[in-house]
Enquirer: 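What follows is a structure written as structure tokens; I'll ask about it next.
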2 protein chains.
Amino acid sequence: MQHITYETLNKSEEIFRALADRTRIRIIRLLLHSSDACVSELMDALRLPQYSISRHLSILRHAGLVDERREGIWKYYYLVAKPPGFTEHLMEAIRSGINEKLLETDLDLFARRLGLRVDGKCVVGSEGL
Amino acid sequence: MQHITYETLNKSEEIFRALADRTRIRIIRLLLHSSDACVSELMDALRLPQYSISRHLSILRHAGLVDERREGIWKYYYLVAKPPGFTEHLMEAIRSGINEKLLETDLDLFARRLGLRVDGKCVVGSEGL
DNA sequence: ATGTTATATGCTGCATATTGCATATAATAA
DNA sequence: TTATTATATGCAATATGCAGCATATAACAT
């Protein structure tokens, strides 16, 4: 993905390509469990470097699956709310996806990391949980 | 895809990768409209060379999305029936996918090509409709 | 056996995707 | 201003995916 210099990559095709990566699926699964998450929180939950999280979020954003909101120094990413249809079915698929222990660990770490919020806001950078 | 020398490509990941290609989505959309199709029929509907159709079918088969049945010289490919869940949601997504004129043309040619069957069986090779 | 038809696959080259490192940007605070 | 923290991105190296051509396999017919 990254930069879509592809010919005429239509929307659904771009979305399928955005989903064809384990890290991005892991990110989406986390976002399905929280109203939002900032980059540091995803770093801790997935144990991946900052540039990796940022890059994958950028791809998901270009595909229209997530959006962002800046709050001071932090950026919160969240799943774009869609009317029932194409994207909703995909999210349903991911929700009912085959369970992996990797993803279970992700959710555990994510929950712990979200526990560090104060008043629902992210207040610390990556802790390397 | 092709040869899965990937690390540990789990099932859902392999499926998402299988869907990250326009030709394979086109094939699935056709199969959603017919109980089966042989390679020649897909060649005519999608106007693609035989090796391309065979390759993509092979990838879909490894992902567990389609299966095949040989009848004499022909091989019939069909969507694997799944219990409601992951794959079913994906098929729903593809069904409700954004319409493209390309896909409309596919369906027209596919219908014409299926019209050449005799007793529900494929009896001619690629006609280049 | 040979020939014909339908389908599969090995190989190469090209296009694209992902990673890792380093650096850049943006917002805040002193 | 500078410093600090959070996030983004340019670049090069590597990995992966796909198209095209040629060839192989499989089933059937003669």
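Chain naming here is simple, since letters A, B, ... match the order of the sequence lines and numbering starts at 1 in each. Just so it is clear, the structure is predicted and the values come from calculations on it, not from any experiment.
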Enquirer: By nearest nucleotide on DNA chain C, pick out whichever of B:C122 and A:E71 is the more 5' one.
Expert: B:C122
Enquirer: Of the options C:dT19, D:dA8, C:dT9, whose atoms approach the side-chain atoms of A:R55 most closely?
Expert: C:dT19
Enquirer: May I ask you to evaluate whether A:H56 reaches the phosphate of C:dT19, defined as a side-chain N or O under 4.0 Å from OP1 or OP2?
Expert: yes
Enquirer: With a cut-off of less than 4.0 Å, is there a side-chain N or O of A:S52 near OP1 or OP2 of C:dG20?
Expert: no
Enquirer: Can you establish whether the number of heavy atoms outside B:R29 located under 6.0 Å from its atom CZ is more than 12?
Expert: yes
Enquirer: Using the side-chain heavy atoms of A:I73, tell me which of these nucleotides is nearest: C:dT19, C:dT7, D:dT5.
Expert: D:dT5
Enquirer: Of the nucleotides D:dA8, C:dT7, D:dA19, which has the atom closest to the B:S54 side chain?
Expert: C:dT7
Enquirer: What's the closest nucleotide to the B:R70 side chain, out of D:dT7, D:dC21, D:dA26?
Expert: D:dA26
Enquirer: Is the shortest side-chain N to carboxylate O distance from B:R22 to A:E13 below 4.0 Å?
Expert: yes
Enquirer: Identify which one of B:R26, B:K101, B:R112 satisfies the salt bridge (Lys or Arg N to Asp or Glu O under 4.0 Å) criterion when paired with B:D106.
Expert: B:R26
Enquirer: Choosing from D:dA19, D:dT7, C:dT18, which nucleotide comes nearest the side chain of A:Y77?
Expert: D:dT7
Enquirer: Counting heavy atoms from C-beta on, name the nucleotide in D:dA8, D:dT5, D:dC18 closest to the side chain of B:D21.
Expert: D:dC18
Enquirer: Using only side-chain N and O atoms of B:R24, determine if any of them is under 4.0 Å from OP1 or OP2 of D:dC18.
Expert: yes
Enquirer: Can you tell me if B:R17 touches the phosphate of D:dG17, counting only side-chain N or O atoms and a distance under 4.0 Å to OP1 or OP2?
Expert: yes
Enquirer: For C:dA6, does the base pair up with any side-chain atom of B:Q50 as donor and acceptor (N or O, under 3.5 Å, distance only)?
Expert: no
Enquirer: Which nucleotide wins on minimum distance to the side chain of B:P49, given the candidates D:dG20, C:dT9, C:dG20?
Expert: D:dG20
